[in-house]
Amino acid sequence: GENVEQHPSTLSVQEGDSAVIKCTYSDSASNYFPWYKQELGKRPQLIIDIRSNVGEKKDQRIAVTLNKTAKHFSLHITETQPEDSAVYFCAASDDYKLSFGAGTTVTVRA
Amino acid sequence: GAVVSQHPSRVICKSGTSVKIECRSLDFQATTMFWYRQFPKQSLMLMATSNEGSKATYEQGVEKDKFLINHASLTLSTLTVTSAHPEDSSFYICSALGRTDSNQPQHFGDGTRLSIL
């Protein structure tokens with residue numbers, strides 16, 4: 001099955017700085033890569049996703065890059081704000097099922 | 001659009017009790033629903049995949065006789081934790097996919113916090 005590794009496990013950044021989270025996957029058949037933000041006790045919220053036919057996607061302060069050859073994808077958050085503090089999960093899918101990374105706890109210091 | 005309602009949001013009960021959790025797609029038909037379990041400070045772990053009208057497919061290590069899943073209609077799936085014990089305490093989350101191409105975003109419910117005393 002698919003194995004997704006996510007790094008770092010924790011990330012502390014100064015407000016206004018950028019945050020980068022990296023994930024690798026094992027199954028070359030995976031073709032859909034979403035990123036979720038989860039606040040304590042809440043459901044995961046989709047913040048951005050990318051499909052294997054695209055190398056990069058951007059939505060305001062959030063961007064995702066995908067390198068299919070190396071089987072890794074990254075989340076970039078620019079101009080971080082305190083409300084960006086949360087746990088972020090990457091995931092990979094080769095059909096309908098999602099395999100999640102272990103999560104990154106992001107803390108934005110004011 | 002694409003709202004998934006999960007109920008109840010919180011359950012506290014005694015050991016040995018069976019607990020039923022409902023997952024409903026409110027404004028679309030969910031051909032596939034997924035059940036996840038999330039322990040504190042951990043990731044979401046897929047427990048099972050259910051398709052309307054057929055038996056659920058369980059992930060390795062998940063006891064199908066303990067976690068009963070029913071997906072009797074295109075808008076409702078239920079997870080029953082039978083004879084729950086303290087180690088079953090966790091955050092259970094459902095998600096749903098509609099009648100679209102594969103790899104569309106899964107729509108998540110708000111989760112159920114299960115606490116077994």
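Because only heavy atoms are used, hydrogens play no part in the values below, and waters and symmetry mates are left out as well, while side chains stay in.
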Is it the backbone or the side chain of [X] that comes under 4.5 Å from a heavy atom of chain B, or both, or neither?
| X | answer |
| --- | --- |
| A:P34 | neither |
| A:F100 | both |
| A:L40 | neither |

Exercise for the section: Assess the pair A:F73 and A:F33: is the distance between their ring centroids shorter than 6.0 Å? Expected result: yes
Problem - Between A:Q38 and B:Q38: side-chain donor-acceptor atoms closer than 3.5 Å - result: yes
Practice task
Answer yes or no: is there an ion pair linking A:K97 with B:E59, defined by an N-O contact shorter than 4.0 Å?
Solution key: yes
Exercise for the section: Give a yes or no on whether a salt bridge exists between A:K57 and A:D49, defined as a side-chain N under 4.0 angstrom from a carboxylate O. Expected result: yes
Practice task
Examine whether an atom of B:L46 lies under 4.5 Å from a heavy atom of chain A, and if so say whether it belongs to the side chain, the backbone or both; otherwise answer neither.
Solution key: side chain
Exercise for the section: Measure B:F91 against the heavy atoms of chain A and call it side chain, backbone, both or neither at under 4.5 Å. Expected result: side chain
Handout entry: A:L98 and B:Q106, any side-chain heavy atoms less than 4.5 Å apart
Key = yes
